[in-house]
Amino acid sequence: MNNIKLWEPNTTPFIIAGPCSAESREQLNSCASDLKKTGKIDAFRAGIWKPRTRPGQYEGTGTKGLEWLVEIKNRYSLPVITEVATAKHVEKVLKAGIDMIWIGARTTGNPFSIHEIAEALTGVDIPVLIKNPSNPDLELWIGAIERFERAGIKRIAAIHRGFYPFEPTLYRNIPKWEIPIELKTRMPELKIICDPSHIAGNSALIYDIAQYAFDIMMNGLMIEVHPNPQNAKTDAIQQITPTDFVSIIDRLKIRTQSEYLNIDKLERMRLQVDSIDQQLIELLKKRLDISKKMGEYKKQQNLAPFQIKRWRNIIESRMLYAENLGIDPDFMMQILQLIHKESIATQNKIMNSENSINN
Ligand code: PEP
Ligand code: MN
């Protein structure tokens, strides 16, 4: 299965779908059979080795899952793709006859791992899709792409899966669209696929993210689809059923050349400002949540909400920090006063209420 249409000229968006993890032969078959029937997918995905934050969580089915994937490839004539994170994985994937591989976000962030995987792929003609690193570092993403180019890989694409948020946000991973857009500007020939499932972290946001990806001329999507998302062993909240997948794909508008959003230099800067404002708002919410907890505590301990020593300390330390960054002191003072005023008001509200949680 060598002709993957992603690299053909004037092609339609490349759609990859399938479960986050290969859990069983039956689960993979049920998912692939339903997806094949839709006629709307170009490749079937499933993770075999899962990178987990803590040990003891489901770490994937391991090597036997490769056999199941190859059965899917043969039964449904679908190219299959899985994640590799080590040279050993590469060896096993190549031996099994998997068609394409992707590099996970955590691996892209580690040049040693990328070097090792690229070396194991030297002289092999297999498509490699490289997810962005978890942190918003474009150079690291480009560095990984270059390492595969140097190993002689011809069919390389990037996958935009969003960036780890500083604090929990509306998204599981903040899209920071300006970064894949900048990548496209720096590497115009590179195909970029959007992974709305890992950006969203929940099924409700997938459609909007996918449409925006099409609006800015991305070359395809990778969407997590599971026959029974509630029972999925990984990423249950963001996976969708094959039925929901079809309904999303059918509603998406593929834009023509003249309909693409014009992302010029000014628009790219506006996108940066958009994601910063979003994070500012989320941080303010987080700060006010802590004020509420402080209100509870101060009520319990019979302390006053406003303490002059603490306020002076806040002003001095923040003003110095801002001054070192070249921020106008008047502007900074106004912001600090506003934030502090709201924090005290929040605490007062809690302390004056009859039924706080601690009562
Ligand atoms: C995945 O695609 O299931 C996955 C683990 O992705 P990421 O590396 O983007 O977290
Ligand atoms: Mn996943």
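As a basis for the values below, the full set of heavy atoms in this structure was taken, side chains included, without hydrogen atoms, waters or symmetry mates. For ligands, and for the atoms within them, numbers begin at 1 and follow the listed sequence. Residue numbers count from 1 along this sequence. Note that the structure is predicted; figures quoted are calculated from it, not measured.
- In D235, the N, O or S atom that comes nearest to the Mn ion (ligand 2) is OD2.
- H198 and D235 are linked by a side-chain donor-acceptor pair at a separation below 3.5 angstrom, with hydrogens and angles left out of the test.
- A donor and an acceptor atom, one from each side chain of K92 and T63, are located under 3.5 Å apart.
- Summary: NE2 is the N/O/S atom of H198 found nearest to the Mn ion (ligand 2).
- At least one donor-acceptor pair under 3.5 Å links the side chain of R45 to the backbone N or O of C20.
- Listed by chain and residue number, the protein contacts of ligand 1 are C20, R45, K50, E83, W102, G104, A105, R106, K131, R161, H198, E224 (heavy atom within 4.0 angstrom).
- Nearest N, O or S atom of E224 to the Mn ion (ligand 2): atom OE2.
- Y207 pairs with exactly one of I240, L252, I249 by the side-chain contact (heavy atoms from CB on, under 4.5 Å) rule, that one being L252.
- In this structure, a donor-acceptor pair under 3.5 Å is absent between the side chains of K36 and S77.
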Taking distance alone, no hydrogens or angles, what donor-acceptor pairs closer than 3.5 Å link side-chain atoms of residues 279-286 to residues at least two apart or in another chain?
{"unit_1": "Q279", "atom_1": "NE2", "unit_2": "S275", "atom_2": "O", "d": "3.2"}
{"unit_1": "E282", "atom_1": "OE2", "unit_2": "L170", "atom_2": "N", "d": "3.1"}
{"unit_1": "E282", "atom_1": "OE2", "unit_2": "Q278", "atom_2": "NE2", "d": "3.3"}
{"unit_1": "K285", "atom_1": "NZ", "unit_2": "D289", "atom_2": "OD1", "d": "3.2"}
{"unit_1": "K285", "atom_1": "NZ", "unit_2": "D289", "atom_2": "OD2", "d": "2.7"}
{"unit_1": "K286", "atom_1": "NZ", "unit_2": "E167", "atom_2": "OE1", "d": "3.2"}

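- The aromatic rings of W49 and H89 sit parallel, their planes meeting at an angle under 30°, below the 60° perpendicular limit.
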